[in-house]
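As structure tokens, the structure follows; a few thoughts come after it.
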2 protein chains.
Amino acid sequence: MEKYTSPIYYTDATPLLLAVDCIIFGFDRDSLKLLLFQRKVAPFQAEWSLIGSFVKREESVLTAAERVLKTHTGLTNVFMEELGTYGQVDRDPGARVISVAHYALMRLAEESKQIADAYKAQWFEFDQLPELILDHQQMVEDALEKLRRKTRYRPIGFELLPEKFTIPQLRVLYEVIYQRPLDRRNFRKKILSMKILEKLEEKDKTNSRKGAFLYRFNPEKYQEMVERGVDFVI
Amino acid sequence: MEKYTSPIYYTDATPLLLAVDCIIFGFDRDSLKLLLFQRKVAPFQAEWSLIGSFVKREESVLTAAERVLKTHTGLTNVFMEELGTYGQVDRDPGARVISVAHYALMRLAEESKQIADAYKAQWFEFDQLPELILDHQQMVEDALEKLRRKTRYRPIGFELLPEKFTIPQLRVLYEVIYQRPLDRRNFRKKILSMKILEKLEEKDKTNSRKGAFLYRFNPEKYQEMVERGVDFVI
DNA sequence: ATTATAAAGTGTATTTTTTACGCTTATTTC
DNA sequence: GAAATAAGCGTAAAAAATACACTTTATAAT
């Protein structure tokens, strides 16, 4: 490993390899999914893995994560946030690599499904994941835990829904995240009391004869809520 | 993207400097404090700073943070947790350094105050901090935010108190963390209803003639609560 | 020794939030 | 036009949060 030589300072420090890995969540009508990739190179060739990359000298850590997402899904402007650092010495037998895991949330529409083919990736049902390499299993568990926590004080779930959605759809999303049933009527009451939803005239009739009114969230109210850090205990 | 060329893998990746920085909180009777250090080396020599170090090849990131804490305070077994990664390209003019910030909570007793002298550090009142170098100001703000959040679902505040403490002391701690007054009577009711405190026979009379009973938390109940992730909204 | 003082501790009434669940409505299918 | 079914509405009961009056305990001042 070469020593860091350029600047005047910090000459005694050992440079290390720093990577980012992305835990990509998707929500499709009634189930939570995860985007996984089949590794192209050894070791662990052909095994399922999160997608990642090394952080480059001239990019920030978050930029690196965004680059990974763009390169492997074609998508930008996706909600993404740091999960945490995975820094055990022996976590990667290939070398001493520290990884900063990031989790991303995306709406799963038809287009997104084509990602799988285009990028040799596959969307897996969250509760039917294959074995993953390295400590990626742990990263995924931690990401779900974080997602659960985060939804309690930030209406983050919207990131996983299309722009227009029905209240029952939103409820199902929360049921999937929390892994427990939520009362239809109380959920509606609670969510509407927050006044962050705007009712539209359209209905979505894919789930019932009657159809459910579509809503979208009011960006100003949403933003206000994010800043005030309002409780969102469902 | 990452290329694998065994046995030394990842040869095209650029190694970077990875550091850890520690935000060390202390609580002393009725105020929240932060331990800061006067930098010994250039750049920013003699300016106030968090304490940190580079991560070594043969230690985990968390171990590096613990080493820093031990080296600069002499203490081990202190509550410490990752805050997040600070990875902007130009955050350190000395070199491209990514820092993983950690925050630590400690009880401030007489002995701890001697740390300041022994290690050329200084405890500052949280609301009277000097200007800090680099993005350390931001780290400190983020750490307080995280501390506030975390106290909502984990009774983390205890980490800042001595083993035996009174309910009024605990309340003052939460008042300091949340920066707002809490009703004495309701606070007591709430905290006792959680059944994680054990009442002792002793009283602490430093704050009143009558004295307040000392308590300690029940480690089993506490652990159970941590695992269940109970709400701790004060 | 008596009394004033002040924080600690107890109790209770009120308001707000959460939970449980029955009933009505809109639309499609037979 | 009757049956079916998810969507949507309303209300009562339980639980939790809030506000605040009162009592207790020990010390210090007289």
Side-chain angles (χ1 to χ4, degrees), chain A residues 29-31 151-153 155 161-162 164-176 178-216 225 228-234, chain B residues 29-31 148 151-153 155 161-162 164-216 225 228-234:
Chain A
R29 303 207 58 72
D30 60 358
S31 70
T151 50
R152 290 183 77 88
Y153 63 88
L161 287 174
K164 298 174 184 179
F165 53 85
T166 68
I167 291 182
Q169 277 168 21
L170 183 60
R171 177 174 51 82
V172 170
L173 170 61
Y174 277 93
E175 288 182 333
V176 167
Y178 294 142
Q179 296 287 321
R180 69 180 169 90
L182 300 172
D183 185 273
R184 278 184 305 120
R185 296 150 291 190
N186 294 337
F187 181 84
R188 168 183 300 275
K189 217 182 306 176
K190 178 100 188 198
I191 210 87
L192 288 177
S193 75
M194 293 177 186
K195 299 187 187 302
I196 49 174
L197 295 190
E198 258 172 36
K199 189 177 183 177
L200 305 174
E201 285 312 305
E202 300 168 78
K203 274 189 167 185
D204 174 314
K205 291 188 182 154
T206 51
N207 276 298
S208 71
R209 310 194 216 276
K210 183 179 176 179
F213 279 103
L214 286 162
Y215 287 77
R216 68 171 160 224
M225 196 168 162
R228 278 192 307 153
V230 175
D231 253 328
F232 197 75
V233 179
I234 297 291
Chain B
R29 304 208 57 75
D30 60 356
S31 71
R148 280 188 182 144
T151 50
R152 291 184 77 87
Y153 63 88
L161 287 174
K164 299 174 185 180
F165 53 85
T166 68
I167 293 183
Q169 276 167 20
L170 182 61
R171 177 175 52 82
V172 170
L173 170 61
Y174 277 92
E175 289 182 332
V176 167
I177 292 175
Y178 294 142
Q179 296 287 318
R180 69 181 169 88
L182 300 171
D183 185 273
R184 275 184 309 121
R185 295 150 293 189
N186 295 335
F187 180 86
R188 168 184 299 274
K189 216 183 305 174
K190 176 101 190 198
I191 210 87
L192 287 177
S193 75
M194 294 175 185
K195 300 188 186 304
I196 47 174
L197 295 191
E198 258 173 36
K199 189 175 179 176
L200 305 174
E201 286 311 306
E202 299 169 77
K203 276 188 166 185
D204 175 313
K205 290 183 184 161
T206 51
N207 276 296
S208 70
R209 313 196 216 274
K210 182 180 177 180
F213 279 103
L214 286 162
Y215 287 76
R216 68 170 161 227
M225 195 169 165
R228 280 191 307 154
V230 175
D231 252 328
F232 197 75
V233 179
I234 297 289

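Naming convention: chains lettered A, B, ... in sequence-line order (proteins, then strands); numbering from 1 in each chain.
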side-chain contact (heavy atoms from CB on, under 4.5 Å) filter on A:Val176, not counting sequence neighbours, yields A:Phe27, A:Leu32, A:Val172

Sorted by chain and residue number, the salt bridge (charged side-chain N to carboxylate O under 4.0 Å, His left out) partners of A:Lys189 (sequence neighbours excluded) come out as none

Nt span of DNA chain D in reach of chain A heavy atoms at under 4.0 Å, 5' end first, is D:dA4 to D:dT11

Sorted by chain and number, sequence neighbours left out, side chain to side chain donor-acceptor pair (under 3.5 Å) with B:Lys203 holds for none

Residues at least two apart in sequence or cross-chain that pass salt bridge (charged side-chain N to carboxylate O under 4.0 Å, His left out) with B:Arg188, listed by chain then number, are none

What one should report as the nearest heavy-atom pair of B:Phe165 and B:Leu197 is CZ-CD2, 3.8 Å

Reading nucleotides 10-19 of chain C from 5' to 3' and marking B where a protein heavy atom lies under 4.0 Å of the base, S where only the sugar-phosphate is that close, and - otherwise, the string is BBB-----SB

Sequence neighbours excluded, the answer for side chain to side chain donor-acceptor pair (under 3.5 Å) partners of A:Lys195 is none

Identify every side-chain donor-acceptor pair in residues 208-216 of chain A under 3.5 Å, counting partners at least two apart or on other chains, and give the distances.
| from | atom 1 | to | atom 2 | distance (Å) |
| --- | --- | --- | --- | --- |
| A:Ser208 | OG | A:Gly211 | N | 2.8 |
| A:Arg216 | NE | A:Glu198 | OE1 | 3.3 |

Across all chains, not counting sequence neighbours, the side chain to side chain donor-acceptor pair (under 3.5 Å) partners of A:Asp183 are A:Arg185

Taken in chain and number order and not counting sequence neighbours, the residues that satisfy side-chain contact (heavy atoms from CB on, under 4.5 Å) with B:Thr206 are B:Arg29, B:Asp204

Per the under-4.0 Å heavy-atom filter, residues of residues 202-214 of chain B near DNA chain D come out as B:Lys203, B:Lys205, B:Arg209, B:Lys210

message: Looking at B:Lys190, I'd like to know if its NZ atom is crowded, meaning that more than 12 non-hydrogen atoms belonging to other residues, nucleotides or ligands lie closer than 6.0 Å.
response: yes

Atom CD of B:Gln169 and atom P of C:dG9 are separated, to the nearest Å, by 11 Å

